[in-house]
Amino acid sequence: MNVALQQKEKLQGVIREALLRAQSRGELSLPEIPEIGLEIPRDTSHGDFASNIALVTAKKAKKSPRDVAAIIVGNMEAEGFIEDVQIAGPGFINFFLSNEWLYEILKVIEAQGLAYGNCSHGQGEKILLEFVSANPVGPLNVVNARAAAVGDTLARLFRAVGYTVGTEFYVNDAGNQADIFARSLEARYQQIDNPNYPFPTEGYPGDYVKTLALRLKEEHPNLLELEWDERIAFCKKWGTDQMVEWQKADLANYDVHFDLWFRERELHAAGALEEVIAEFDKKGYLYTNEDALWFRSTDFGDDKDRVIIKSDKTYTYVTADIAYHYDKLKRGYTKLINIWGPDHHGYIGRMKAAIQALGYPADSLEVLILQYVALLRDGQQVKMSKRAGEFITMQDLVDEVGKDAARFFFLIRSPESHLDFDLDLAVEQSNENPVFYVQYAHARISSIMRQAEEAGVTIPTAADVSLECLKEESEIALMKKMAELPEEILIAAVQREPHRIARYALDLASLFHSFYTHCHVLGEQEDVRDARLVLAKCVQIVLKKILHVLGIDAPDQM
RNA sequence: GCGCCUGUAGCUCAGGGGAUAGAGCAUCGGACUUCUAAUCCGAGUGCCGCAGGUUCGAUUCCUGCCAGGCGCGCCA
C-alpha cells in the first residue's frame, strides 16, 4: 500500500477531469491529454503536491503556462481533501492537502511493520546477483568491501520490491592465480625446514602465506612425500579452501552472507567447459587459428573474437566464466547481475556475446561497474600492491572503523563515483560518522519507548489516538518523508542506486532529531503525548527497516 | 587511437528539463534544572570544467573540446 501514490492518482484524476471540462467548454483545445506529472516538492511553500502540467501543455494549447494553469484550476471541482490550490512560479499548480493522508501513513506503517515500503514490482522474477568474487589467494581488500556492501544492499532492495534473489560468490580456484598461490604455499612449507628453498618469482609474498604454511605442516607433516604435481594439487585445493573460509569469515563479520559460493573447480570436474564448447561448436561459432580455438564473439557485437582454448590446450578464464553463466541461466535465473570493477569493463562485450550464443537475450546479463576506492593517509594516496604484499584489507578497515561505519561509508556514495576513503578521517572522526547520526535517532526513540513503559504508559495504536494533534511543522515533515519510502525503495532497486537509501536514512534521522528538539513526547498532554508516541513508533519502524536494508545495526542504546 | 567513469561551495559528495542549485565536514555565533547535546537553531560561500546545439526553459539532454581515473592479452 502506497499512500503517496494513492494521493497522486487522486490528484491526477482531479486534473484530468478539469482538463476535460475545460476542453468541452472550449477554454482549452489539446489534441490529447498527456501524462500528468505530480511530485512532492522540496519546498513546503509549494504545497504537498505540485504539477507541471500547465508548463508541459502550454505550447500545444497556444497559451501561456500561467493561463493554462488558471483554466485548469478554474475547472476543478471542490474536493474535501484539497484545502487550497495555488498557481505559482512559471505555472506550477500547487496542491495543499488536509493532513488526513499523512495520518493514513502512520496507520499503514503500523499495520505493515518492517514490510512497509515493500512492493511486488518484481513479481517473483529470479535475479542472480554475483559480486565480490575475489580470487581465493589472499584476504579481501577495500574494493571488495565496497562491492560487498553495494551488492548485499542491492540484494536486500530487490527482495523488498518482489524479486526472488540469489547471491553468489564465484571462487576462481582453478586458474593461474590459484596455481601461483599453490606454488607460493609449497615454497613457504619447504622454507620451514630449508630457509634457502627458492620462492617463486611471481609468488604471493604476504605473511599470511607463511602462517598458512605452518598450519599446513601441522595438519599434513608428510606432504613432501608426495610427488611435485600431487603436492601442488594438494596445496591448491587445501590453500584455496582455507582462503575461502577466511573470506567467508571476514564477510560474515561484515554481515554479508552469500547464498552460494560457487567453485570454479566444480565446473571443470563436471565437464561444464567441454559442454559449453560443444554447444558453441554445434552452432558453428568456433574456429581454429594458430593452434588455438576461438569463439567468434564478433558475431554478437564483441570488439574481437576470443580464445577459448589456448595453444597449450588449457582453457582461458573466459571459458570457465561462460560455463558458469550458462549454469546460472540453466538454473532458471532470468536476470544475471554482476558487479565488477572498472578494469573489467572491456569484458562485458564478450560475456554478452557468449550469453547470446547460448540462445539467451543480451540483456539477461547486466553488469554494474563499481568504481575504485582510493585510500588516503596523511592526505596521500596509499599505494597498494598485492605483489609486494602491501595492502589494507577489508578486515583492517572493519577493525578500524567498525562494520556499520564502513558499510555506510561505501553505501552513501553512488556506485559509479570514484571514492576517496580518508583513513585518518575515518578513524579520528568515527564518532562523527553519519552512520551514528542515524543510529542515534533510532536509539533515542527506543529510549522514549522504554521510559514510557517504565512510567506505565502503554504505547497506543494509531486507531486509538487523536492523530490531528500532529500538526507541528516537524511532525508533518516526518510523515511526509515516511510517505516517500515506498517510491524511494522502488527507484533505488530499479535504478540500482542503493545510495539513495543511505541518503534517505540521513534525511529521516535529521527530521527526527529536529522533531525531538522541538516537540516533547513524554510529559505532554495525554492526547498529544499519545499521538506523538504513535509517530515516534512509526519513525522507529522505518529507521529500523532502512538500516536493515543497509545491513547496519539499529541499536536501542548508544 | 578506441571504450567506460568522473568534473557542482574551501574539502567530501548529493541532485537533476522547470520555481531562489543542496547536504555533511570545516569556520563563526547561539541552545542542556525537562524524553540521550553522538543533538538542535542561526550565518557566509557557487562562470554546476569550457564551447556550441535542442527547448518556452539546460547545471540536467546532444555534440565537440579540456582535465583526472581505469581499461583495450592465447592474465585472471
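Residue numbers begin at 1 in each chain, while the letters A, B, ... track the order of the sequences.
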Item to check | Comparing A/Ser45 and A/Asn289 on RNA chain B - which has the more 5′ nearest nucleotide | outcome: A/Ser45

Item to check | Nucleotide opposite B/A67 in a Watson-Crick or G-U pair, distances under 3.5 Å | outcome: B/U6

Item to check | Rounded distance in Å - NE2 (A/His513) to C1' (B/C35) | outcome: 14 Å

Checklist entry - In Watson-Crick or G-U wobble terms, both distances under 3.5 Å, what is the partner of B/C72? => result B/G1

Checklist entry - If you look at every strand shown and take non-hydrogen atoms under 4.0 Å, does A/Ala536 touch a base, only sugar-phosphate, or nothing? => result nothing

Checklist entry - With a 4.0 Å cut-off on heavy atoms, is A/Ile369 in touch with a base, just the backbone sugar-phosphate, or nothing at all? => result nothing

Item to check | Donor-acceptor pair between A/Ser311 and A/Asp291 side chains, under 3.5 angstrom | outcome: no

Checklist entry - Heavy atoms under 4.0 Å, any strand shown: does A/Asp321 hit a base, just sugar-phosphate, or nothing? => result nothing

Checklist entry - Reckon A/Phe92 touches a base, only the sugar-phosphate, or nothing at all at heavy-atom distances under 4.0 Å? => result base

Checklist outcome for this item: Exactly one of A/Glu266, A/Glu264, A/Arg265 clears side chain to side chain donor-acceptor pair (under 3.5 Å) with A/His268, and that residue is A/Glu264

Next on the checklist: Any base atoms under 4.0 Å from A/Ala452, or only sugar-phosphate, or nothing? Heavy atoms, all strands.
Outcome noted: nothing

Next on the checklist: Taking A/Pro555's backbone N and O only, do any of them form a donor-acceptor pair with A/Asp553's side chain (distance below 3.5 Å, no angle check)?
Outcome noted: no

Next on the checklist: So A/Thr314, base contact, sugar-phosphate only, or nothing? Heavy-atom distance under 4.0 Å.
Outcome noted: nothing

Next on the checklist: Quick check on RNA chain B: between A/Arg413 and A/Ser311, whose nearest nucleotide comes earlier from the 5' end?
Outcome noted: A/Arg413

Item to check | Mate of B/A38 where both pairing distances stay under 3.5 Å, Watson-Crick or G-U | outcome: none

Checklist entry - When the ring centroid of A/Phe169 is compared with that of A/Phe258, is the distance short of 6.0 Å? => result yes

Item to check | Ring-on-base stacking B/G3 with A/His345 (under 5.5 Å, under 30°) | outcome: no

Item to check | Distance between C1' atoms of B/A38 and B/A51 (Å, rounded) | outcome: 48 Å

Next on the checklist: What I want to check is whether an N or O donor and acceptor connect the side chain of A/Asn94 with the base of B/A19 at under 3.5 Å.
Outcome noted: yes

Checklist entry - Heavy atoms under 4.0 Å, any strand shown: does A/Ser447 hit a base, just sugar-phosphate, or nothing? => result base

Item to check | Modelled atom types, side-chain donor and acceptor of A/Tyr287 and A/Asp305, under 3.5 Å | outcome: yes

Checklist entry - May A/His418 be described as stacking on the base of B/U6, applying a 5.5 Å centroid limit and a 30° limit on plane angle? => result no

Next on the checklist: Students often get this wrong, so: under 4.0 angstrom with heavy atoms, is A/Tyr372 touching a base, only sugar-phosphate, or nothing?
Outcome noted: sugar-phosphate

Checklist entry - Since syn is defined as within 90° of 0, does B/C56 count as syn or as anti? => result anti

